[in-house]
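Written below as structure tokens is the structure these notes are about.
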Amino acid sequence: MTKVVVDPLTRIEGHLRVSTEVDDNGVITDAQSSGMLFRGIERIMMKRDPRDAARLVQRICGLCPTAQSMASVNALDDLFGVAESIPKDALVTRNIIQGLNTLTSHATHFYVLWMPDIVNPAYRDILATVDNTGPALWKELLSRFAPISYKMDGEAITPGAGYINAIKQKKNLEEAMALIGGKMPHQMSTIAGGVTYLPTVADIGKLTSYYLNLMDFVNTSTLSVGAETWLDNTFRASSPQKAVNFVMEHLQEVVDGSLASQNFSKAKGWGDLELFAAFGSELIGETLGLPATFKFDRTGQYAEDANVGYLTYGVFYDVENGDGYNPTEFGKSGFQQAAFINSSLEKKSFNHEYITEETTHAFYETDEGLHPFDGVTEPVRTADEISYEGGSDSKYTWMKAPRYNGIPCEVGPISRMLAMGEPLTVGLMNLFKDNGYSAANSFTRMIAKMQETLILSEQLLKWVTVDLDPNGKYYVDTDLKMAKDSEGIGLWEAPRGALGHWIKSGSDSMVTNFQMVVPTTWNASPRDKNGVAGPLEQALIGTKISAAENMMGIDNTNPTGILHTARSFDPCIACAVHTIDLSNKDKEQGTFTIV
């Protein structure tokens, strides 16, 4: 048995440590997911004016601050008792800001955080065994997905066009967010009662131009058939099977036109999505007759599907119904709805009362499973109590263990697409399940993310050009006294999954409790009191440590299996754990320590 640790695993936003045990056959037999930092935002919020929440909590992260501010204003709308009267145009504005943030985050994850792993030298070695096809494909992959400052065998590699263009798109979309949010990151527009931004006709024109810039990137790089054609035949397909059939027939046409010429360029129909969809899956690749695949459908799968559910709180306001929303019934109507999906992929109604967090294997004093309204964030106090080396029976992380009715849940695009009944995602997951694979795996997570990007892009245009009224109302008054002896719940979705804020206030209207349950605490959860592992840990156990099912042998020094699986969950640790230590009195004035 060999211990293999990746620390840090995250490329940006915090520090995720993944520790595994690997047997002599290169199979991962145990795994612990550790958040390396303590999050203290809940404690910082105590005794403050609750209105500070929408400003302060988004400082928890620079990647999805918008989602944190949205969850907080939802909780504040509820706390102040004004949620049912928030003007429709304020809700549309919030939808646009969140939509832009989600698109930015998804593009960053696909091109900058996940796809660089596809140009790992392990795949060069595998492709070198596949006659002329392998080297030609490898050259194409490098030209698209190589990251900046990348070297191989001491030789500098030119950054890929997809990687560079994704960074340009991030700039494009964040400029759009800054237009209506005041600045980015940490936009200033969303407040309890509505938004501070009143758009002009000229602003709507500018937002449309940013959108068109995004779609030019999608239609020239991401897809070869155009986004509208793709969505007509997948998202708007009459059945999951027809959606899958369209994709398979399209991919087969592209493959048939390329294998003989060894040409995998965009001119031959290989958009980035087609390239990933065809070569990323063993099952699909074998059906298409490809000589090699990367087998990402064999990584990140659950050994026991029954031990994991899929959860989404729903996201984006149902602006078709006019003013206001119900915070506790949030997600029961609208664009993307709330749901719990069990391991058999059956959709159930969502009840926020089923959410608990416990800390049996985390560095906290209280380990009882509590609903967030009653949650406690009390860290251990001595260094001797903090160790990441104790194994699965010990405390090994700063992340709590959220559960839904006692069940660990995967959150993120795959859960949202299942809740929507999105035909392509449902069809692909059924295809894998029917052929002996886990329905959820690294491949289906990435496809769900790309599909959500295309669907959301289309929806964003409607919010900007149809629903947003420059002459509308954008705010209702609030007064601090309205928050006296109250409580509020803010349910939302960050790009990487379900995000909830819970707030309570006292007789002076100041905060008496503030709890946050964030996406990566769901996905990278530790064991619970019953010893049941979190989704990421379960997705690692039983899978192979090296590239393409250990095709070229076992290499524990290049654990691509860990990288693909953990990064397919789009982990963002900053909001799972974060604080600043001001207690070191010997420090030079003006300095601080992140602990």
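Every value quoted in this text rests on a predicted model; they were computed, and no experiment measured them.
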Could you check whether any side-chain N or O of Ser221 sits under 3.5 Å from a backbone N or O of Val218, counting only pairs where one atom can act as donor and the other as acceptor? no

Mind checking whether Phe296 and Phe294 have parallel, tilted or perpendicular rings, split at 30° and 60°? tilted

Among Gln68, Arg55, Arg59, which residue meets the side chain to side chain contact (heavy atoms under 4.5 Å, CB included) test with His186? Arg59

Find out whether Val6 and Pro559 are in side-chain contact, i.e. whether some heavy atom of one side chain is under 4.5 Å from a heavy atom of the other. yes

Below 30° counts as parallel, above 60° as perpendicular, anything between as tilted: where do the rings of Trp492 and Phe316 land? perpendicular

Do any N or O atoms from the side chain of Trp114 and from the backbone of His564 form a donor-acceptor pair under 3.5 angstrom? yes

So, for Phe279 and Trp270, is the gap between ring centers shorter than 6.0 Å? yes

Between the side chains of Gln451 and Thr425, is a donor N or O closer than 3.5 angstrom to an acceptor N or O? no

Test Glu410 against every option in Arg445, Arg416, Arg496 by the salt bridge (charged side-chain N to carboxylate O under 4.0 Å, His left out) rule and name the one that passes. Arg445

Is it true that the side chains of Thr299 and Ser442 contain a donor and an acceptor less than 3.5 Å apart? yes

Do you know which two heavy atoms are closest between Ser19 and Val5, and how far apart they sit? OG-CG2, 3.7 Å

Leu259 vs Pro291 side-chain heavy atoms within contact, under 4.5 Å: yes

Out of Thr108, Asp216, Asn213, which one pairs with Gln169 under the side-chain hydrogen bond (donor to acceptor under 3.5 Å, both in side chains) rule? Asn213

Rounded to the nearest 0.5 Å, how far apart are OG1 of Thr129 and CG of Leu127? 7.0 Å

Are the side chain of Ser33 and the backbone N or O of Ala524 linked by a donor-acceptor pair below 3.5 Å? yes

Can you give me the closest heavy-atom contact between Pro199 and Asp203, atom names plus distance? CA-OD2, 3.9 Å

Inter- and intrachain pairs under side-chain hydrogen bond (donor to acceptor under 3.5 Å, both in side chains), touching residues 137-147, at least two apart: Glu140-Arg144, Arg144-Asp272

Can any side-chain N or O of Thr20 pair as donor or acceptor with the backbone N or O of Val4 at less than 3.5 Å? yes

Return the orientation label for the Trp522 and Tyr313 ring planes: parallel under 30°, perpendicular over 60°, tilted otherwise. perpendicular

For Val247, the option from Asn245, Leu251, Val244 that meets side chain to side chain contact (heavy atoms under 4.5 Å, CB included): Leu251

Any side-chain to backbone donor/acceptor pair from Thr444 onto Met429? Under 3.5 Å, distance only. no

